[in-house]
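Convention: sequence-line order gives letters A, B, ...; per-chain numbering from 1. Because only heavy atoms are used, hydrogens play no part in the values below, and waters and symmetry mates are left out as well, while side chains stay in.
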Protein chains: 2
Amino acid sequence: MSAAPDLLFRTLADPTRRAIFERLCREGEQTVGALTARSGVSQPAVSKHLGALKQAGLVRDRHEGRQTHYSARPGALNPLIDWTGQMAGFWQRRLDALDDLLKRMDQ
Amino acid sequence: MSAAPDLLFRTLADPTRRAIFERLCREGEQTVGALTARSGVSQPAVSKHLGALKQAGLVRDRHEGRQTHYSARPGALNPLIDWTGQMAGFWQRRLDALDDLLKRMDQ
DNA sequence: GTAATCCATAACCAGGGAGTTATGAATAAA
DNA sequence: TTTATTCATAACTCCCTGGTTATGGATTAC
């Protein structure tokens with residue numbers, strides 16, 4: 001299971017791309033032009049990043065005339081949340097087991 | 001804030017490296033040799049990945065004789081959990097605001 | 001109809017990073 | 001002491017990707 005975390009990690013690893021995603025989360029729907037304005041990179045670069053984000057299921061696009069509006073997609077981060085939860089769970093479980101063992105040795 | 005998520009995302013983006021980290025989470029402390037055995041890559045590659053994981057604060061190492069034991073570091077994922085929580089919070093807040101607006105318009 | 005705007009795609013380039021083999025330092029075993 | 005084991009580092013290669021400029025299609029404005 002969990003081929004999903006792979007794509008998510010890879011997609012969010014790039015700072016520029018992650019910044020775009022963060023802006024969409026904070027400020028809601030934005031056009032490509034608006035995103036390009038404060039991204040520090042060219043418009044084609046932004047378009048490529050948006051393509052990657054879309055393919056990872058992190059954003060949606062909505063065409064309206066000659067401009068495209070992008071918005072963050074709630075729930076897309078769930079696999080990531082699940083993964084971190086699992087990892088945290090594993091060492092927690094081992095700590096519990098250790099705790100148990102110590103208690104039994106103590107008796 | 002949050003230079004930490006950047007390093008974490010970058011470090012966990014590589015599948016081989018993430019697999020090593022997962023094994024350390026699931027099965028606890030491991031030597032480099034043990035990790036290399038089922039990693040599918042050479043020992044130097046594993047060592048490099050472990051170096052990256054260590055630098056990101058994701059693992060600890062413990063030298064014992066001529067072998068080095070690595071273990072996952074609980075709490076290292078916290079910045080990641082915080083970040084996802086923030087992102088989820090943003091759109092949640094906007095949904096609430098929208099809900100509010102609709103309610104007021106309804107009255 | 002013509003000009004201007006918005007965006008996506010193509011083509012290309014450069015840097016980084018993940019992999020390899022070779023090697024050496026440190027420790028354990030003989 | 002000599003040999004074998006374990007790991008880290010160095011040096012190198014190759015590919016992937018994020019950036020660029022150039023361009024074109026679609027839409028809006030004049």
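Distance, H63(A) NE2 to dT27(D) C1': 13 Å, rounded to whole Å. Regarding L35(B), its CG atom lies at a distance of 10 Å from the P atom of dA8(D), rounded to whole Å. The interatomic distance linking D6(A) (CG) with dA18(C) (C1') rounds to 14 Å, in whole Å. The separation between K54(A) atom NZ and dA8(C) atom P is 9 Å, rounded to whole Å. What separates CD1 of I20(A) from C1' of dC7(C) is a distance of 14 Å, to the nearest Å. If you measure from atom CZ of R62(B) to atom P of dC7(D), you get 12 Å, rounded to the nearest angstrom. To the nearest angstrom, C1' of dT5(C) lies 15 Å from CD of E64(A). Atom CD of Q30(B) is separated from atom P of dT6(D) by 15 Å (rounded to the nearest Å).
Considering only side-chain N and O atoms, Y70(B) lies under 4.0 angstrom from the phosphate OP1 or OP2 of dA8(D). Under 4.0 angstrom from either OP1 or OP2 of dC6(C) there lies no side-chain N or O belonging to T68(A).
Pairs of residues two or more places apart, or lying in two chains, that qualify as salt bridge (charged side-chain N to carboxylate O under 4.0 Å, His left out) and include a residue from residues 44-56 of chain A are K54(A)-D61(A). Residue pairs meeting the salt bridge (charged side-chain N to carboxylate O under 4.0 Å, His left out) criterion with at least one partner in residues 65-86 of chain B, sequence neighbours excluded, are absent.
Without hydrogens or angle criteria, R17(A) side chain to L53(A) main chain gives no donor-acceptor distance under 3.5 Å.
For A37(B), the side-chain contact (heavy atoms from CB on, under 4.5 Å) test picks out no residue, with sequence neighbours left out. With sequence neighbours excluded, no residue satisfies side-chain contact (heavy atoms from CB on, under 4.5 Å) with Q55(A). Residues that satisfy the salt bridge (charged side-chain N to carboxylate O under 4.0 Å, His left out) test with R60(B), not counting sequence neighbours, are absent from this structure.
Within 4.0 Å of T31(B), counting heavy atoms only, lie sugar-phosphate atoms of the nucleic acid but no base atom.
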Between protein and nucleotides 12-25 of chain D, map the contacts as a letter string: B base, S sugar-phosphate only, - none, heavy atoms under 4.0 Å, written 5' to 3'.
------BBBBB---
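The aromatic rings of F21(B) and W83(A) sit tilted, their planes meeting at an angle between 30° and 60°.
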